[in-house]
Number of protein chains: 2
Amino acid sequence: MGKESGREDGLIRLITQISKAMHRRSTEETLGMKLKAFLLLSYLRDHPAVTQQELEGALMLDANGVVLLLNELEAARWSVRRRDPEDRRRHLVEMTPSGRQAMERAEKARENLERELVQDMSVDERATLYRLLKKVWEAVQQPA
Amino acid sequence: MGKESGREDGLIRLITQISKAMHRRSTEETLGMKLKAFLLLSYLRDHPAVTQQELEGALMLDANGVVLLLNELEAARWSVRRRDPEDRRRHLVEMTPSGRQAMERAEKARENLERELVQDMSVDERATLYRLLKKVWEAVQQPA
DNA sequence: TATTGTTATACTCTATAACTATA
DNA sequence: TATAGTTATAGAGTATAACAATA
């Protein structure tokens with residue numbers, strides 16, 4: 001058997017575990033909102049007026065999931081849907097001012113958590129981690 | 001705004017998305033079993049006789065989740081629970097020969113998928129990715 | 001006829017607490 | 001009395017298909 005050189009644990013197991021643990025620590029209490037809500041709002045920060053189909057792709061939700069999540073966000077007055085004048089089948093989703101406030105508060109909580117997670121890494125290592133994860137993200141999205 | 005130097009997208013978003021996409025692609029059809037079942041069996045491969053509490057920690061499940069998953073595995077004849085003679089409250093969980101077979105088949109499917117995901121990376125980059133993800137995994141497990 | 005979003009429905013996963021048996 | 005595992009239950013999350021409005 002010789003050198004038991006660190007069995008490859010598997011990306012899937014590692015990513016799955018990390019994702020679960022991150023979700024457990026991103027509670028509604030610390031974020032001020034559900035993680036899913038935060039992920040949608042922070043997407044709206046970078047993409048001011050998007051259709052629901054865009055959100056499906058960006059957040060890996062199905063059409064139904066987007067509707068349900070937006071219902072929650074609108075109930076909290078954090079986002080609004082308005083008809084697209086150019087195609088009245090479409091909605092354009094936007095963040096409200098109070099949505100932005102809530103998102104920025106949650107963003108601070110996210111930064112605090114992530115700072116903990118990478119505190120033992122150098123700046124270079126952090127950049128490398130992001131770069132490599134983005135590569136994985138590109139690859140995993142390919143149909144098959 | 002000058003240099004839009006790549007806003008830090010956030011580890012949480014990236015990991016969440018990758019995890020979702022990986023799960024979508026790790027179908028029962030390609031693995032021959034559910035991903036959760038595979039993760040448990042591959043843990044048993046490396047830890048031949050474990051208590052259910054060990055599985056809770058290792059797989060980030062609660063006691064109930066372990067019971068339910070083991071029920072499925074036993075129904076498929078892939079694992080067995082036997083009483084620990086030294087403490088009859090405990091179960092020792094073990095993989096059956098057919099469980100090993102099924103696991104090894106699923107392992108090949110996992111390797112195929114992961115090969116795709118890292119195909120654009122050098123050997124060094126792959127090792128670095130694993131190393132850094134393990135650091136994140138250590139850090140995210142800390143209580144708070 | 002095709003597309004966007006909605007509703008309705010069911011299925012899976014996860015979390016909680018009460019219960020059994022062993023210590 | 002405390003622990004390991006189980007059961008029961010409800011809650012959240014996810015997936016499917018039928019539907020309404022608009023193109």
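Just so we're clear, the structure is a prediction, and the values are computed from it rather than from any experiment.
- Nucleotides of DNA chain C nearest to A/R24 and A/L70 differ in position, and the one nearer the 5' end is that of A/L70.
- In this structure, B/E72 places its CD atom 14 Å from P of D/dT6, rounding to the nearest Å.
- In this entry the distance linking NZ of A/K34 with P of C/dA15 reads 14 Å, nearest Å.
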Is there a salt bridge (charged side-chain N to carboxylate O under 4.0 Å, His left out) between A/E125 and B/R131? Walk through the geometry before answering. CA-CA 10 Å; A/E125 284 178 325; B/R131 184 174 62 79; 2.9 Å; yes
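- When distances run from any side-chain atom of A/Q53 to the nucleotides D/dA4, C/dG5, C/dT14, the shortest one goes to C/dG5.
- Residue A/R81 places its side chain closer to C/dT6 than to any other of C/dT6, C/dG5, D/dT6.
- Salt bridge status for B/E104 with B/R45: absent, with no side-chain N to carboxylate O gap under 4.0 Å.
- Look at B/Q52 and you won't find any side-chain N or O under 4.0 angstrom from OP1 or OP2 of D/dA4.
- Between A/E94 and A/R81 there is no salt bridge, since none of the side-chain N atoms of the basic residue sits less than 4.0 Å from a carboxylate O of the acidic one.
- Between the CG atom of B/L55 and the P atom of D/dA4 there is a distance of 14 Å, rounded to whole Å.
- Nearest nucleotide to the A/R90 side chain, out of C/dT16, C/dT6, C/dT4: C/dT4.
- Residue B/D62 places no side-chain atom within donor-acceptor reach of the base of C/dT16, judged by atom type and a 3.5 Å distance cut-off alone.
- Using a 4.0 Å cut-off between charged nitrogen and carboxylate oxygen, B/E138 and B/K134 do not count as a salt-bridge pair.
- Atom NE2 of B/H23 is separated from atom P of C/dC13 by 10 Å (rounded to the nearest Å).
- Between C/dT6 and A/H91, a contact under 4.0 Å exists linking OP1 or OP2 to a side-chain N or O.
- Atoms CZ (A/R82) and C1' (C/dG5) sit 16 Å apart, rounded to a whole Å.
- When the P atom of C/dT6 is taken as reference, atom CD of A/E56 falls 11 Å away, rounded to whole Å.
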Evaluate A/L132 against B/M121 for side-chain contact (heavy atoms from CB on, under 4.5 Å), listing each step before the verdict.
CA-CA 8 Å; A/L132 295 177; B/M121 295 182 197; 4.1 Å; yes
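- In terms of phosphate contacts, B/K36 brings a side-chain nitrogen or oxygen within less than 4.0 Å of OP1 or OP2 of C/dT14.
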Exercise. For the pair B/T30 and B/R25, evaluate side chain to side chain donor-acceptor pair (under 3.5 Å) and give the outcome as yes or no after the intermediate values.
Key: CA-CA 8 Å; B/T30 56; B/R25 295 187 57 174; over 6 Å; no
Protein and nucleotides 21-23 of chain C: nitrogen or oxygen contacts under 3.5 angstrom:
from, atom 1, to, atom 2, distance (Å)
C/dA23, OP1, B/R88, N, 3.0

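- By the 4.0 Å N-to-carboxylate-O rule, B/E107 lies close enough to B/R110 to be salt-bridged with it.
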